[in-house]
Participant: 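Got a structure here, written out as structure tokens. Questions coming.
Each chain gets a letter, A, B and so on, in the order its sequence line appears, and its residues count up from 1. The shown structure was predicted, so the numbers you read here are calculated from the model rather than taken from an experiment.
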There are 2 protein chains.
Amino acid sequence: MTRSHEIAGVLRDEILRGQFRPGERLPSERDLAARFGASRGAVREALSQIEQLRLIDIQPGGARIKEVNDASIAVLGPLLGLGSVPDAGLVDQFLDTFSALARFTATRAIPRITEMQRTDLLAQLDAMADDLGSVESLQPKMRAFLLTLDRIADNLVVRLISNDLQAQFVERMLLLHPRPSLKPESLQALVSGMRLGVENGDGEGVAAALDTHFLSMRALVAQALASA
Amino acid sequence: MTRSHEIAGVLRDEILRGQFRPGERLPSERDLAARFGASRGAVREALSQIEQLRLIDIQPGGARIKEVNDASIAVLGPLLGLGSVPDAGLVDQFLDTFSALARFTATRAIPRITEMQRTDLLAQLDAMADDLGSVESLQPKMRAFLLTLDRIADNLVVRLISNDLQAQFVERMLLLHPRPSLKPESLQALVSGMRLGVENGDGEGVAAALDTHFLSMRALVAQALASA
DNA sequence: AGTCCATATTGGTCTTACCAATTTGCCGCG
DNA sequence: CGCGGCAAATTGGTAAGACCAATATGGACT
């Protein structure tokens, strides 16, 4: 972690916390350098990073705060990490979005899979079916399965979105205690539902199974966050 | 446009063009400074920006190129602008993604709209219905309508994704000649389809209208790009 | 009260310098 | 010939100082 990343992190969080109003001017680079006990170069690198998050607009005369609504999606992770517990509403929006992305991937992938790919997917699902009890080992298999679908769907735009969100989200949610865990019956339904869809080349079937899975997931996580 | 942004743009495009293999080392900051006739500070700021795109990994010892698959979605715009004409496949993936995002927004927004919002939406649709002939003036109304839905759906994650993609995509596609334009009948079907959905509180109806609209759009754009 | 201009401030850029970590390349050993 | 190990060169990280052009500020003047 370099000095400029540290500084960027602090300033980013302050902006996300709303400590500056949109349109307001950020302290000058020289003032920030003094505040952080760093060189102006380090501060400039930090500001350059925050500018890429589209949280500020740097111009001769000063850097001005922008609306969070116009920011890059890269602020979502830091936004989750602001409090000691992630914001329940934002987490639900994340999961809802994941749900839509998974549905997208499934409906685009299934109609174009080859026989070999189908065999591969079925094998992965069978491996998952043997593992319903331990969420810890099912999770990575689920991710691998969705990644396979993602490769088949072959949409770079959605792939980058999914990767980005996943990276920001998973990392922050793994810290939760206690980790919510779905009932084996639900997982069983998910796996068998997807299996049926893959077998029949029914993308909508796979998507539907994912939909209900994400719905239960959202309910569960909401409950976990409420109690935390 | 500052020097560091210029340099970052050049290096970014070179990486996106595949002029470096993943894992390969980028020239040192001092060499790059010499190449661009700039100071090391300017180059460092540029590299810091490229690092935020997740195109490189900066470490003591050197900056190493990463896989484009792991990059930020902020590379999609530059990726569209690499050639004289945007890549048709990537454009289609963009539109497909827009389609899914619009569907998401519609299905989430419609069930939770208030009477006042419904009135507003219907008014917007009526204004659009009077304007089917000129694509130039319909386009912004369509965007405003989707933005209204977006505000109602109230999902920050999807909003940021949509904003981001839109900003990157629209800007690059406006340069196309000739600009593709849908037949008035199709637009008529879109507007009336959405109107029916809004009236009946039928999110799936609105989404379906959007689906068919984006399908025609994709066919049209593919044709335009093939001829360009 | 409004306008205009001099001044101070701010970002943009370059130079030079030093440190710590990594990489490189050479040497000697097995 | 290969391989381990050590020293030197290279590389990124950071700092301090300086100058310019564009912007913002404040005061003088009308």
Participant: Under 4.0 Å: is that the gap between some side-chain N or O of Arg40(B) and OP1 or OP2 of dC18(C)?
Facilitator: no

Participant: Heavy atoms from C-beta onward define the side chain here; which of dG11(C), dT23(C), dT11(D) lies closest to that of Ile58(A)?
Facilitator: dG11(C)

Participant: Using the side-chain heavy atoms of Ser28(A), tell me which of these nucleotides is nearest: dT14(D), dT10(C), dG13(D).
Facilitator: dT10(C)

Participant: If we ignore angles and hydrogens, is there a donor and acceptor under 3.5 Å between the side chains of Gln124(B) and Thr148(B)?
Facilitator: yes

Participant: How close or far is atom C1' of dG13(D) from atom CD of Gln49(A), stated in whole angstroms?
Facilitator: 13 Å

Participant: Which nucleotide wins on minimum distance to the side chain of Arg3(A), given the candidates dT11(D), dA15(D), dA24(D)?
Facilitator: dA15(D)

Participant: dG12(D) P sits how many Å from Ile50(B) CD1, rounded?
Facilitator: 13 Å

Participant: For His5(B) and dG11(C), give me the distance from atom NE2 to atom P, rounded to whole Å.
Facilitator: 14 Å

Participant: Find the distance Leu32(B):CG to dG12(D):P and express it as a whole number of Å.
Facilitator: 8 Å

Participant: Looking just at side-chain N and O atoms, do Arg159(A) and Asn69(B) make a donor-acceptor pair shorter than 3.5 Å?
Facilitator: yes

Participant: Using only side-chain N and O atoms of Arg44(B), determine if any of them is under 4.0 Å from OP1 or OP2 of dG12(D).
Facilitator: no

Participant: Over how many whole Å does the gap from Asp57(B) atom CG to dG12(D) atom C1' extend?
Facilitator: 13 Å

Participant: When all nucleic acid strands are considered with a 4.0 Å heavy-atom cut-off, which category describes Leu47(A): base, sugar-phosphate, or nothing?
Facilitator: nothing

Participant: Take Thr2(A) and Arg25(A), find for each the nucleotide of DNA chain D with the closest heavy atom, and name the residue whose nucleotide sits nearer the 5' end.
Facilitator: Thr2(A)

Participant: Taking the nucleotide of DNA chain C with the nearest heavy atom to each, does Ser4(B) or Pro60(B) sit closer to the 5' end?
Facilitator: Ser4(B)

Participant: With sequence neighbours left out, which residue pairs that include part of residues 16-25 of chain B fulfil the salt bridge (Lys or Arg N to Asp or Glu O under 4.0 Å) condition?
Facilitator: none

Participant: Round to the nearest Å and state the distance from Glu6(B) atom CD to dG12(C) atom P.
Facilitator: 13 Å

Participant: Going by an N to O cut-off under 4.0 Å, is there a salt bridge joining Asp154(A) and Arg108(A)?
Facilitator: no

Participant: Please state how far atom CZ in Phe36(B) lies from atom P in dG12(C), giving the value in whole angstrom units.
Facilitator: 19 Å

Participant: Using a 4.0 Å heavy-atom cut-off, does Gly41(A) contact any base of the nucleic acid, only the sugar-phosphate backbone, or nothing at all?
Facilitator: nothing

Participant: If each of Ala42(B) and Arg30(B) is mapped to the nucleotide of DNA chain C with the nearest heavy atom, which maps nearer the 5' terminus, i.e. the 5' end?
Facilitator: Ala42(B)

Participant: Which nucleotide in the list dG11(C), dG12(D), dT15(C) gets nearest to the side chain of Glu29(A)?
Facilitator: dG11(C)

Participant: Would one find a side-chain N or O of Arg64(A) under 4.0 angstrom from OP1 or OP2 of dG11(C)?
Facilitator: no

Participant: Could you please name the option among dT23(C), dC14(C), dA24(D) that lies closest to any side-chain atom of Ala38(B)?
Facilitator: dC14(C)

Participant: So, Gln49(B) and Ser48(A): side-chain donor and acceptor under 3.5 Å apart, yes or no?
Facilitator: yes

Participant: What is the distance, rounded to the nearest whole Å, between atom CD of Glu45(B) and atom P of dT14(D)?
Facilitator: 14 Å

Participant: CD of Gln223(B): more than 12 outside heavy atoms within 6.0 angstrom?
Facilitator: no

